[in-house]
Amino acid sequence: MIDVRLLRQDPGGTRAALMRRGDAAVGEAVDAVLELDRRWRALVSETEGLKAERNAATEEVARRKRAKEPADELLASLKVSADRVKGLDTETKALEAELHETLLRIPNIPHPDTPTGPAEANRVLRACGEVPAFAFTPKPHWELGQTLGILDLQRGVKLSGSGFPVFTGAGARLVRALANFMLDLHTVTHGYVEVSPPYLVTRATLTGTGQLPKFEDDLYGLPTDDLFLIPTAEVPVTNLHRDELLEAGVLPLAYVAYTPCFRREAGAAGKDTRGLLRVHQFDKVEVVRLCRPDESAGEHELITAHAEEVLKRLELPYRVLELASGDTGFSAARTYDLEVWSAGVGAWLECSSASTFTDFQARRASLRFRPAPGAKPEFVHTLNASGVALPRTIAALLENNQAADGSVRLPKALVPYFGADRLLPQ
RNA sequence: GGCGUGGUGGCCGAGUGGUUUAAGGCAGCGGUCUUGAAAACCGCCAAGGGGGAAACUCCUUCGUGAGUUCGAAUCUCACCCACGCCGCCA
């Protein structure tokens, strides 16, 4: 949630910054907020003046009662003003609710350094690793997965529909090996605290990180209990300290969680969704950091480096993109995407997104800290990065490391976790 | 699912209609004392919001929402959550 006061102080500049996202509806929402805020403040002033009068008169009644003096004529006039206060209060609350609801649908302000424009304006910051060359035509992972006997897409369809892959045998073991490898890297080497959170969360939790109220259609929901399956561990983990006031000394907080993620991904199937490219359920290791506002720029580089380290150790060629204003997610101010090269599909696949949310999520979730003993509480800054998502990483591992005989070499870092250095056709 | 108990500031905890402008304690901050520290003692110390250049001032908040009342932490109703016991269960 953006700060209403910022909108008040600099409506033109804030509006212009938000318009860089290229969404005309945002401008309308901003205008609506400005108008609602103006009306709300006028109403609050009026109501509060009346309340101050009422409270003073109420105190006078109490004084007279104690002194056993008559207060009947005062009580009669109070009855009238009490009704007016009640009416104004109802009006104020309705306006406040509308203002809040509108504000919740306004995205974060893009960082000034993000390129302006749609996804085409994304900027490649750097590339790392060698794109492999093949003496034969490399196969896509859905073919390799089948010949290796580790990926069963058809039976997944039988169980749950398309987009629910089944990993079997060495495939299931590979999933487990990758998860353990990443968790060990982030906990032991990078110093994150491991969290195993709930996979079902409330509306309040999803509102805290920004998925609700605007993106309910992207989520799997359980209407009976009004709970939702998490689309990412970011949601439960960022909300761990919701409605808390943290001591400055505990920051930065660093958490890592391995969870399944559930996304409806409404839209037609096609070549972008084949195999493991876009699925409704997938596993992901996620790193989350909460820090002081003055640390967040450095923390963003750090969390990105932590995600990159996973790909380096897996010996996967990747590149880092800075997302343009129009491609940056609703809650994020600035995002770096990590894209891994996948030789079989011949494309860069997004396998991590490292974002800083400034105080946008902290404001929604009331994540605060006290900068110094006795000082006013401030909002923390939140950040997260996938470290990393499994399916596309598996696709890249299979496709980049395939041999002509259909076998697949595994990177050294994974061998102790997997227990072998090759996957062999069945 | 049934019955019961409870939800109060950063934390603990008192408080059954009007000096509660929420007692007291812990933590924190400042001071006295001390070579320094500790202890002891004294003082300060909730959050959110409106108005104001500022000093300041006003409003709201005791799980959430509605109600009774001139006035609600306190009374009424609904809901949520936690804990305990019973039932069911990996």
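Chain letters run A, B, ... following the sequence lines, proteins first, then strands; residues in each count from 1.
- Within the shown strands, nothing qualifies as a pairing partner of rA14(B) under the Watson-Crick or G-U definition with both distances less than 3.5 Å.
- A gap of 29 Å separates the C1' atoms of rC70(B) and rC56(B), to the nearest Å.
- Rounded to whole Å, the distance from CE on Met1(A) to P on rG48(B) is 13 Å.
- For Arg203(A), no side-chain nitrogen or oxygen approaches OP1 or OP2 of rC80(B) to under 4.0 Å.
- A distance of about 14 Å separates the C1' atoms of rU60(B) and rU21(B), rounded to the whole Å.
- Straight-line distance between the P atoms of rA46(B) and rG9(B): roughly 14 Å, to the nearest whole Å.
- Listed nucleotides: rA66(B), rU60(B), rG50(B). Nearest to the side chain of Lys93(A): rA66(B).
- At the heavy-atom level, Arg39(A) lies nowhere under 4.0 Å from the strands shown.
- In this structure, Glu315(A) and Arg409(A) have side chains that are in contact, with non-hydrogen atoms separated by less than 4.5 Å.
- Between His306(A) and Tyr192(A), a ring centre-to-centre spacing shorter than 6.0 Å is recorded.
- Checking the phosphate oxygens (OP1, OP2) of rG51(B), a side-chain nitrogen or oxygen of Arg41(A) falls inside 4.0 Å.
- Counting non-hydrogen atoms under 4.0 angstrom, Thr58(A) reaches a base of the nucleic acid.
- Across all strands shown, nothing is found opposite rU35(B) as a Watson-Crick or G-U wobble partner with both distances under 3.5 Å.
- Taking atom CZ of Arg54(A) as the reference point, atom C1' of rA72(B) lies 11 Å away to the nearest angstrom.
- Around NZ of Lys93(A), the count of heavy atoms belonging to other residues, nucleotides or ligands within 6.0 Å does not exceed 12.
- Atom C1' of nucleotide rG7(B) and atom CG of Asp243(A) are separated by 15 Å, given to the nearest angstrom.
- Pair check for rA82(B) finds rU5(B); Watson-Crick or G-U wobble, both atom distances under 3.5 Å.
- In this structure, Arg370(A) does not reach the rG9(B) phosphate: none of its side-chain N or O atoms is under 4.0 Å from OP1 or OP2.
- If you take CG of Asn55(A) and P of rC58(B), they are 10 Å apart, rounded to a whole angstrom.
- Nucleotide rC77(B) is matched to rG65(B) when pairs are restricted to Watson-Crick or G-U wobble geometry with both distances under 3.5 angstrom.
- Proximity of Arg368(A) to the phosphate of rG48(B): a side-chain N or O atom is located under 4.0 Å from OP1 or OP2.
- Between Arg5(A) and Thr47(A), the residue anchored nearer the 5' end of RNA chain B, judged by the nucleotide with its closest heavy atom, is Arg5(A).
- Spacing between atom CD of Glu48(A) and atom C1' of rU61(B) amounts to 13 Å, rounded to whole angstrom units.
- Remark: rA53(B) base-pairs with no nucleotide in the shown strands. Criterion, Watson-Crick or G-U wobble with two distances under 3.5 Å.
- Closest contact between the side chain of Leu245(A) and the listed nucleotides rC58(B), rG50(B), rG10(B) involves rG10(B).
- Between Lys51(A) and rC59(B) there is no side-chain polar atom (N or O) within less than 4.0 angstrom of OP1 or OP2.
- The P atoms of rG4(B) and rC79(B) are separated by 14 Å, rounded to the nearest whole Å.
- Between Phe228(A) and Tyr220(A), the ring centre distance reaches or exceeds 6.0 Å.
- Rounding to whole angstrom units, CZ of residue Arg363(A) and C1' of rG48(B) are separated by 12 Å.
- In a base pair of the Watson-Crick type (N1 to N3 plus N6-O4 or O6-N4) or a G-U wobble (N1-O2 and O6-N3), with each distance short of 3.5 Å, rG87(B) is matched with no nucleotide.
- Residue Lys284(A) forms a side-chain hydrogen bond (donor to acceptor under 3.5 Å, both in side chains) with just one option from Thr393(A), Thr232(A), Thr259(A), and that option is Thr232(A).
- One can place CZ of Phe379(A) at 11 Å from C1' of rA47(B), the figure rounded to the nearest angstrom.
- rG24(B) sits 11 Å from rC44(B) when the P atoms are compared, rounded to a whole Å.
- Of all nucleotides listed (rC70(B), rU60(B), rA47(B)), rA47(B) comes nearest to the side chain of Lys376(A).
- Side chain Glu247(A) to base rG10(B): no donor-acceptor pair is found below 3.5 Å.
- When the side-chain nitrogen and oxygen atoms of Lys86(A) are compared with OP1 and OP2 of rU69(B), none of them lie within a distance under 4.0 Å.
- Under the 3.5 Å distance criterion, with hydrogens and angles disregarded, a donor-acceptor pair is assigned to the side chains of Thr205(A) and Arg242(A).
- Here the P atom of nucleotide rC58(B) and the CG atom of Leu43(A) are 21 Å apart, to the nearest Å.
- With C1' as the reference atom, rU76(B) and rU20(B) are 23 Å apart, rounded to whole Å.
- Distance check on atom P: rG6(B) versus rU61(B) gives 24 Å, rounded to whole Å.
- The ring of Phe282(A) has its center no closer than 6.0 angstrom to the ring center of Phe262(A).
- For Tyr255(A) and His241(A), the ring centers sit closer than 6.0 Å to each other.
- For the P atom pair drawn from rC77(B) and rC3(B), the interatomic distance equals 15 Å after rounding to whole Å.
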